[in-house]
Amino acid sequence: MTTVETRRTAPPLPGTARRSPAGAVLAVLWAGAAAAVALWWADTGSVVGTAGWLTGAGRIAGLLCGYACAVLVGLMARVPLLENRVGSDRVARWHAMAGRYTICLLVAHVVLILTGYAAQDRASLWHETVTVVLDYPDMLKATAGTVILFAVGVTSARAARRRTSHEFWYYVHLLTYAAVFLAFFHQLALGEQFNGASVATAAWYVLYLGVAALVVWFRILAPVRLNRRHRLRVESVQQEAPGVCSVVVRGRHLDELGARPGQFFRWRFLGAGMGWTSTPYSLSAPPRPDLMRITVKALGDHSAAVPLLRPGTRVWAEGPYGSLTADRATARQSLLIAAGVGVTPLRALFETLPGEVTLLYRARSAEDLALGGELEAIARWRGGRVLYALNGPRGERPDLTAGSLRATFPGLAGHDVYLCGPHGFARDVYEALRAAGVPDRRIHHESFEL
């Protein structure tokens, strides 16, 4: 997880192997979708005529849309099992994909149901739409929820995201909860599969109440408990390189958090006008029972204000998250490849990973190397190596190809490789590592992009 302001998740790196926890979760999600379709199948007899086929297809789309809404909210709940085992980047991509599916299913449901009802009543589509919205139970609330979901979908589109601030997008995105709540009751009131079907109705309630419980627990109660218990405050702010600074946060009983090198928290600094934004930054040193440290590069409004923080500023944190940890290691030798401020989680891993560890640090120039003194000290202490890949005197970029990596690191295919940096850099290095013979299962990476 690069320590920058996250605007959208980057696409997965080519060839990324699916880890078993991710496969198991996907199997459960697809099984749930099959169960939703089974509700329609079990309650539907013969389908007759155009109106029957349109209405039936609309009901299937509606059931899948209702299920997708629950999945969409569940993936927003920041469940540690998903965030730490599957990976925050993968969960974020699943959430984005679920959002697209939800909008498509919603459009299909509305169009098919209204067209089917209009054909059945021999009425115009406009007349049928007005009748359904105004006269059917809970449809006014469902219509409001539909409008909100469309608004969330529009602001989440890539073209719109580039033109809006992260804060605006974030708070519009939170309206998803209201949209799902408003749309829920019409499903039970009008869904043929729930009329008189106590088992199906109970299952739908369990699905939605279970997801609501995850959101309340992990997004509200757990952060409140964490911050009341640990009382986080800014201890100090120190410049590390041009545009890069470290923030030391002091708190109580921080060992109880179980944070590990390579993980990140979502930070909200309650001062300097920064309290409205929660931003993910990685730990740049192994956490201590009373201190944690992050290192931030000024790449946006939030990160540019971090150097202005004053000691004593209250901090609101959520986490720890992320799966870029020593738990993923499978070999005795490890290679850490960092670019820019992506060095921060790898600096913490460089100090703590067992076995033989080498760090390759890519930067434009020597003055852009953040935490360089610490890296050299760690290398001397543990007998590791730090190598630098800097631009040449005329700005020429270093050669990080499969051949150069194999020549620099003998036996590379037997290494675990931890990779962190801008998405374009990580994508190119990932492909070079695969071409050099490193198996996918040994390339560890969490991908986020500005």
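Since the structure is predicted, the reported quantities are computational estimates derived from the model, not experimental observations.
When all heavy atoms of T155 and V152 are compared, the closest pair comes out as OG1-O, 3.0 Å. Residues L134 and L140 approach most closely at CD2-CD2, 4.2 Å, considering heavy atoms. Closest approach of L226 to A317, counting heavy atoms only: CD2-O, 3.6 Å. Here the closest non-hydrogen pair linking R266 and S278 is CB-OG, 3.4 Å. Scanning all heavy atoms of the two residues, the minimum distance from T102 to C65 falls at O-SG, 3.7 Å. Of all heavy-atom pairs between A77 and R219, the closest is O-CG, 3.4 Å.
By the ring pair (Phe, Tyr, Trp, His ring centres under 6.0 Å) test, H415 is found to be paired with no residue, residues two or more places apart in sequence or in another chain being considered. By the side-chain contact (heavy atoms from CB on, under 4.5 Å) test, L54 is found to be paired with T50, L112, T115, residues two or more places apart in sequence or in another chain being considered. Checked against salt bridge (Lys or Arg N to Asp or Glu O under 4.0 Å), R229 has the following partners two or more places apart in sequence or in another chain: E256. W40 meets the side-chain hydrogen bond (donor to acceptor under 3.5 Å, both in side chains) test with T44; sequence neighbours excluded. Contacts of D399 classified as salt bridge (Lys or Arg N to Asp or Glu O under 4.0 Å), with partners at least two apart in sequence or in another chain: none. In this view, L254 and H230, L232, L257, M292 satisfy the side-chain contact (heavy atoms from CB on, under 4.5 Å) rule, not counting sequence neighbours. Applying the side-chain hydrogen bond (donor to acceptor under 3.5 Å, both in side chains) rule to S284 yields the partners R293, T295; only residues at least two apart in sequence or on another chain are considered. Shown here are the side-chain contact (heavy atoms from CB on, under 4.5 Å) partners of A241, two or more places apart in sequence or in another chain: V244, A370. For W204, the side-chain hydrogen bond (donor to acceptor under 3.5 Å, both in side chains) partners at least two apart in sequence or on another chain are Q187. Applying the side-chain hydrogen bond (donor to acceptor under 3.5 Å, both in side chains) rule to E318 yields the partners R78; only residues at least two apart in sequence or on another chain are considered. Applying the side-chain contact (heavy atoms from CB on, under 4.5 Å) rule to R406 yields the partners A402, A436; only residues at least two apart in sequence or on another chain are considered. By the ring pair (Phe, Tyr, Trp, His ring centres under 6.0 Å) test, Y205 is found to be paired with F184, residues two or more places apart in sequence or in another chain being considered.
Side chain of T313 to backbone of R310: a donor-acceptor contact under 3.5 angstrom is found. Under a 3.5 Å cut-off, the side chain of W316 and the backbone N or O of R314 do not form any donor-acceptor pair.
Using a 4.5 Å heavy-atom threshold, the side chains of P242 and K297 count as separate. Counting only heavy atoms from C-beta outward, the side chains of F425 and L400 approach each other to under 4.5 Å. The closest side-chain heavy-atom distance from D121 to T131 is not below 4.5 Å. The closest side-chain heavy-atom distance from L433 to I337 is below 4.5 Å. By the 4.5 Å heavy-atom criterion applied to side chains, L81 and V25 are not counted as neighbours. No side-chain heavy atom of T129 sits less than 4.5 Å from a side-chain heavy atom of S124. Side-chain atoms of V343 and C420, non-hydrogen and from C-beta on, never get closer than 4.5 Å to each other. Contact of the Y430 side chain with the I443 side chain is registered, since non-hydrogen atoms from C-beta on lie closer than 4.5 Å.
Using cut-offs of 30° and 60° for the angle between ring planes, the Y418 and H444 rings count as tilted. Between W267 and F269, the two ring planes are parallel [angle under 30°; tilted spans 30° to 60°].
When only modelled atom types and interatomic distance are considered, H173 and H95 share a side-chain donor-acceptor pair under 3.5 Å. Judged purely by distance below 3.5 Å, without hydrogens or angles, the side chains of T330 and D416 pair a donor atom with an acceptor atom. Between the side chains of R362 and N391, at least one donor-acceptor pair of N or O atoms lies under 3.5 Å.
Counted within 6.0 Å of NE2 on H253, heavy atoms from surrounding residues, nucleotides or ligands total more than 12; the atom is thus considered enclosed.
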